[in-house]
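Residue numbering restarts at 1 for every chain, and letters A, B, ... go by the order of the sequence lines.
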2 protein chains.
Amino acid sequence: MNNMPKLEILFELADVFKVFGDSTRLRILYTLFDDERSVGEIAETLSMEQSTISHQLRVLRTNKLVKLRRDGKQIYYSLDDDHVKKIIEMGLDHVLE
Amino acid sequence: MNNMPKLEILFELADVFKVFGDSTRLRILYTLFDDERSVGEIAETLSMEQSTISHQLRVLRTNKLVKLRRDGKQIYYSLDDDHVKKIIEMGLDHVLE
DNA sequence: ATAACATATGAACAATTATTCATATGTTCA
DNA sequence: TGAACATATGAATAATTGTTCATATGTTAT
């Protein structure tokens, strides 16, 4: 895999890593590691403002890292992709070595 | 792997992803995928200022993604870690799917 | 229809960061 | 020693971004 991807792909790639490059978003993703959670549950778990969580969930959704399901008044978010866990664990390997 | 790491680790993890979250740094890393290169070679390959490359190499070095070797006037950089390729390829998988 | 609740959104602000320019440091060779 | 070259560094600037506050949208039950 020695060929540099096209610039356009590189920008997308950088954007994906940018999404992982924020501790709030990482915490949200970890909250969703096992199960779906509503926005309120996530906010309470992390002791952060509902608005902050909602904004960041939008970033995660735009980048296809989480998906959502509406159930009545609540909206439940869950991981959208198996890559998510793998990418995080790869990064963790690097950090912990 | 359902346990959320300590906050301190999460910050470090976010920092690592932040490093990958910039297209210039990704391009530099790709330039080093196969072989070491001097700062000047990298700058010329990417058609970017020597100073820009040097600044970003420092970021990469601080985060242990590249290492360096001096040879005369030139300094040759190379990937420091097998994780680097793997993390990038994981991200690329996500982008390309 | 209206109240109560859950979530999303827009504007504003503070903080971070990538790049450039100018210059400093370090190395080689005459 | 001094000139030429390679790389690093500091300051300045422009752009991006995370959070908060206030409010809008959407849903349920009465």
Practice prompt. Rounded to the nearest 0.5 Å, what's the gap from OG on A:Ser38 to CD on A:Gln50? Could you check?
Written response: 10.5 Å
Worksheet item: Atom OG1 of A:Thr52 and atom CG of A:Leu46: how far apart are they, to the nearest 0.5 Å?
Response: 10.5 Å
Worksheet item: Is there side-chain contact between B:Glu12 and A:Leu96, with at least one heavy-atom pair below 4.5 Å?
Response: no
Worksheet item: With side chains defined as the heavy atoms from C-beta onward, is the minimum distance between B:Tyr30 and A:Leu10 less than 4.5 Å?
Response: yes
Worksheet entry | Aromatic centroids of A:Phe20 and A:Phe17 separated by under 6.0 Å | no
Worksheet item: Can you name the side-chain hydrogen bond (donor to acceptor under 3.5 Å, both in side chains) partners of B:Asp35, sequence neighbours left out?
Response: none
Item to complete: To the nearest Å, give me how far apart NZ (B:Lys73) and P (D:dA3) are.
Response: 15 Å
Worksheet item: Under 3.5 Å, side chain of B:Asp22 to main-chain N/O of B:Arg25, donor-acceptor pair present?
Response: yes
Worksheet item: Going hydrophobic residue to hydrophobic residue with side-chain gaps under 4.5 angstrom, can you get from B:Tyr76 over to B:Val66?
Response: no
Practice prompt. Go through residues 58-72 of chain A and report each residue with a non-hydrogen atom lying under 4.0 Å from DNA chain C, sorted by number.
Written response: A:Arg58
Discussion item. If the condition is side-chain hydrogen bond (donor to acceptor under 3.5 Å, both in side chains), which residues does B:Arg69 pass it with, not counting sequence neighbours?
Written reply: B:Glu36
Discussion item. How many whole angstroms separate atom CD1 of A:Ile75 from atom P of D:dT28?
Written reply: 11 Å
Fill in: Residues that B:Arg37 engages under side-chain hydrogen bond (donor to acceptor under 3.5 Å, both in side chains), provided they are two or more places apart
none
Worksheet item: Using a heavy-atom distance cut-off of less than 4.0 Å, which residues of residues 42-53 of chain A contact DNA chain C?
Response: A:Gln50, A:Ser51
Discussion item. What range of DNA chain C does chain B touch, first nucleotide to last, counting atoms under 4.0 Å from its heavy atoms?
Written reply: C:dT17 to C:dT28
Discussion item. Quick check: on DNA chain D, is the nucleotide nearest B:Val39 upstream (toward 5') of the one nearest A:Asp15, or the reverse? Name the residue that is more 5'.
Written reply: B:Val39
Worksheet item: Under 4.0 angstrom, heavy atoms only, what part of the nucleic acid is A:Tyr76 near: base, sugar-phosphate, or nothing?
Response: nothing
